[in-house]
Amino acid sequence: MLLIIVVLLVNLLIETSVSLTVVVPPDPIEAHVGSTVILPCWISPPENAGALEIRWYRQDQFNNPVLLYNQGKIQDIQECFRNRSSLALRSDQSGGLKDGDVSLRLEKLTFQDEGLFHCYVSGEHSYHSKEVVLKITALGSAPVLSPKSLDDGRVNISCRSSGWYPEPSVSWTSDEGRVLRPGGTSHTRGEDEMISTHSWMVVSLSDAKLVSCSVSLRTGDLKEGRLDIQGIVSSGPSDSSGPWMALFLTFLICSLLGLFGLILYKYRHKRTGKKPAEENCEEETLERLLKAVVEDMNIEELRQHAVEITIDRERLHPGLKVSKDFKILRDSREYEHTGEGFPYELCAFGAQSFTSGRHYWEVELAAPPKPPKIFWMIGVVKEENLPTRDSSALTPSAGFWFLCSDGPYGFCTNTDPLIRFSLTPRPERLGVLLDYDHGQLSFYNVTERKHLLTISSRFSGSVVPLFNPGAGDESPLKILDLPKPAEPAEPSPSQSNTAAVESDVKASDDPKPVEPAEPTQPLLSNMAAVELDVKASDNAEPVEPAESSPLLSKKSSDA
C-alpha cells in the first residue's frame, strides 16, 4: 500500500514538473481591415518552445490550422492564410521561441478574419490552449453634410458617410458643444461588408449657427463634418418673392434675347444690303464668332470651381457596381440589358448636392489600352428624382439635365424636342460645369480642351450629379480627383454673347476685319446656341435634328 502511494506521488510530481501553461491577453485585439496584427500568446513560466508543437486554429478547425509549427519548422498553413500568417515576437523585448513566445502575426486583414483564434501548445507529456479574440474595424470617410432650406426658415441637414465597420455611432452637436437630437439615422451594409450611414435633422438659427456631425467606432476612432448654417438660412427661400423673382429673370432673359436678335439683324442688314447672294458670307461670319466662343476653354479657370464628387451608394441601381472609394462605376455582370435602346434607368447619383454657385468635375471615359466608352450619360438631376426606362420622361421640366452617348446612334441632349449630333473625336475625358445661379450646365472635351455645348435652364431645389455607365462597355466610368491650382486667379466676370456680338459689330466699322473679342468663359446663354455651337465647331456635325426643334425656328427667324 505504501509503495502504491509513493508511485502515485512520483507520477504526480513528474506530471507537475512537465506541465505547461499558455497565457493570452484578457481583452480582445482590435485592428483595422487591411492592416497587420500580432495575436500574443506565450508559455508561463518561460521555456524553450522550439521542440514543442504550436498550433493556431479557428473554432472547430483543429485539423485545418491557421498555422502549424512542429519538429522545428512550420508544417502547414490554411489556404486562406497562406502568405499572411507567421510566428512573430509579441514585443521588442521578447526572446522568441526560446523564451516561449508563440505569438501569431496576421497580415492584410479581412472582415472574415474577425473572431476566435485558439493558441494550442503541446509537449511530450502535456498540452494547453487559450483563446484570443480578434476584432476587425474599418474607419470610413469624412461625413458629407448637405443642407436643404425649408420654407419656414429652417434647414434640413443630411449627414452621409461610408466605408465603416462595424456599425458606427452618429452624434450631432452645436457650436456650443450642445448635443442635438437627429430626426433619424439609418445604416446599410454593402456586398463588401462595409457599412454606410445616413443621418438627418432639421435646425434653425435659434438652435445653432454651426452644426457638427460625428461618426465614430467603439474604439474611439471618429471623423467629423461641420456646416455653417447662417448663410444658408439668410439666403434660403424663406419668403414669397421667389416666384416674382423667377418671373423677372424670365422677362430679363427674353429681353436680352430680343436685343441679341435685333443687333444681329442690323448687323446683317448693314453688311449685306439685303443681297441674298452674300447671306452665306454673313452666316460664315456668325459661325466664326460662335466658333471663337465654343473653342475657348481655360482648364485652369474651370478647375478653380473643382469639387470632390463621390457616388451615393444608398441610391445605386442594383445593376451597377462601384469601387470602394465610390469613384469608379460600371454595369455588373448580373445586369441583363434588354437591348432595346439606351438603359436610362441604370443610374447612380453623386453624394454631394448643390443649391447655388459653380461646381466643376471631370469624368474619365477611357482606360487605355481599352477603347473609349461609347455608352454613357452624364449630367445633373433634382435630388429626389429617379430615372426610368422611358426617355421621354427625362426632360428638364421633370428635373433632368444631361448629355448622352448612345453608341452608334451618336450623342444627344435631353432637351424637348431631343437633339442628336455627332462629336469627333469621341471624348475620353469629360468636364462638367454646373453654374446653378445662371442656370447653365456646360460640357467640355478636356483632352481636346474644347467646349462642347451648354444647356440653359432654371434649376430649383437641390441638384446632384448624375452618372450612367451604360451597358456592355469594356471601360468603366471613373470620377477623377482634380488638383486645385496653388494660386487661383481672381475670377473675372463673364462676357455675355450679346456683348461679344456688339464688340464684333463695332469692329465692323473699321475697313479692316478685326477678330471678335473672346469672352472670359465659354458659357452659352440659351439652348438656341447649342445647335449653332455644334454646327460651328470643327469636331461636331449634326446628324438628325428634330424637325420641330425650336433651334431651327430660331435660326429661321434670325435669317
Side-chain angles (χ1 to χ4, degrees), residues 13-139 163-166 192-194 217-221 324:
L13 181 62
I14 293 175
E15 289 181 2
T16 303
S17 63
V18 298
S19 65
L20 55 84
T21 301
V22 296
V23 182
V24 298
D27 299 323
I29 304 298
E30 296 183 338
H32 290 308
V33 63
S35 65
T36 299
V37 68
I38 302 293
L39 302 184
C41 181
W42 63 95
I43 301 173
S44 181
E47 67 172 274
N48 193 337
L52 303 179
E53 176 186 329
I54 304 168
R55 182 186 298 259
W56 282 90
Y57 65 95
R58 306 298 299 270
Q59 190 74 18
D60 301 327
Q61 295 186 12
F62 184 86
N63 294 323
N64 186 23
V66 173
L67 182 145
L68 175 61
Y69 174 92
N70 198 8
Q71 298 179 357
K73 63 180 180 179
I74 294 177
Q75 301 285 346
D76 190 21
I77 294 179
Q78 191 177 130
E79 180 64 30
C80 64
F81 289 97
R82 193 146 295 167
N83 301 322
R84 295 202 300 128
S85 63
S86 60
L87 294 177
L89 305 180
R90 74 177 190 272
S91 68
D92 294 337
Q93 292 75 34
S94 172
L97 287 175
K98 66 180 181 180
D99 287 339
D101 187 354
V102 295
S103 300
L104 177 68
R105 175 189 176 96
L106 294 177
E107 301 177 6
K108 301 176 182 178
L109 292 176
T110 68
F111 293 113
Q112 288 70 33
D113 295 337
E114 186 174 70
L116 292 176
F117 285 79
H118 294 263
C119 176
Y120 172 91
V121 180
S122 173
E124 184 176 353
H125 300 288
S126 64
Y127 67 89
H128 193 218
S129 68
K130 281 290 184 70
E131 297 176 347
V132 181
V133 180
L134 175 62
K135 296 290 186 180
I136 301 296
T137 61
L139 192 61
W164 296 86
Y165 188 87
D192 57 359
E193 300 298 323
M194 295 283 195
L217 297 173
R218 61 172 178 264
T219 59
D221 295 325
K324 291 184 178 180

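It should be emphasised that the depicted structure is a prediction, and the values quoted were computed from it without experimental measurement.
Two residues are said to be in side-chain contact when any heavy atoms from C-beta on lie closer than 4.5 Å; Leu139 and Trp164 meet this criterion. You'll find the side chain of Pro40 reaches within 4.5 Å of the side chain of Ile29, heavy atoms only. Considering only heavy atoms from C-beta on, Thr21 stays 4.5 Å or farther from Ile43 through its side chain. The side-chain heavy atoms of Ser103 and Leu89, taken from C-beta on, include no pair separated by under 4.5 Å. With a 4.5 Å cut-off on side-chain heavy atoms, Val133 and Leu116 count as touching.
Asp99 places no side-chain N or O within 3.5 Å of a backbone atom of Asp101 that could act as its donor or acceptor partner. Put simply, the side chain of Gln75 never gets that close to the backbone of Leu68: no donor and acceptor are under 3.5 Å apart. At distances below 3.5 Å, at least one donor-acceptor pair connects side-chain atoms of Gln78 with backbone N or O atoms of Asn64.
The salt bridge (Lys or Arg N to Asp or Glu O under 4.0 Å) analysis of residues 125-139, with sequence neighbours excluded, yields no pairs. Among residues at least two apart or in separate chains, salt bridge (Lys or Arg N to Asp or Glu O under 4.0 Å) pairs with a member in residues 26-41 are Glu30-Arg218.
The shortest heavy-atom contact between Ser86 and Leu67 is CA-CD1, 3.6 Å. Of all heavy-atom pairs spanning Pro166 and Leu217, the tightest one is O-CD2, 3.5 Å. Scanning all heavy atoms of the two residues, the minimum distance from Gly100 to Ala49 falls at CA-CB, 4.2 Å. Scanning all heavy atoms of the two residues, the minimum distance from Met194 to Ala138 falls at SD-CB, 4.1 Å. What you find for Gly123 and Leu52 is that their closest heavy atoms are CA-CD2, 3.7 Å. The shortest heavy-atom contact between Val23 and Ser44 is CG2-CB, 3.7 Å.
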*Give the C-alpha distance, both sets of side-chain angles, the deciding distance and a yes or no for side-chain contact (heavy atoms from CB on, under 4.5 Å) between Val66 and Ile77.*
CA-CA 5 Å; Val66 173; Ile77 294 179; 5.9 Å; no

*In sequence, state the C-alpha distance, the side-chain angles, and the governing distance for Tyr69 and Val102, and then conclude on side-chain contact (heavy atoms from CB on, under 4.5 Å).*
CA-CA 10 Å; Tyr69 174 92; Val102 295; over 6 Å; no

*Yes or no on side-chain contact (heavy atoms from CB on, under 4.5 Å) for Leu134 and Glu114, after CA distance, side-chain angles and deciding distance?*
CA-CA 5 Å; Leu134 175 62; Glu114 186 174 70; 5.7 Å; no

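Seen from the ring of Phe117, Arg58 counts as a face-on cation partner, given the 6.0 Å and 45° thresholds.
Qualifying ring-ring contact (aromatic ring centres under 6.0 Å, His included) partners for Phe81, counting only residues two or more places apart in sequence or in other chains: none. With sequence neighbours excluded, the residues satisfying ring-ring contact (aromatic ring centres under 6.0 Å, His included) with Phe111 are Tyr165. Remark: Arg84 engages Asp113 in a side-chain hydrogen bond (donor to acceptor under 3.5 Å, both in side chains) (not counting sequence neighbours). With sequence neighbours left out, the side-chain hydrogen bond (donor to acceptor under 3.5 Å, both in side chains) criterion links Thr36 to no other residue.
Taking CD1 of Ile136 as the start and CG of Leu109 as the end, the distance is 4.5 Å to the nearest 0.5 Å. Here the straight-line distance linking atom CD of Glu53 with atom CD of Gln71 works out to 9.5 Å at 0.5 Å rounding. Atom CD1 of residue Ile74 and atom CG of residue Leu87 lie 5.0 Å apart, to the nearest 0.5 angstrom. Atoms CD and NE2, on Gln61 and His118 in that order, are 9.5 Å from each other to the nearest 0.5 Å. In this structure, Ile38 CD1 and Glu107 CD are separated by 8.5 Å, a value rounded to the nearest 0.5 Å.
The aromatic rings of Tyr120 and Tyr57 lie perpendicular to each other, with more than 60° between the two planes, well past the 30° mark.
Atom CD of Glu124 has 12 or fewer heavy atoms from other residues, nucleotides or ligands within 6.0 Å.
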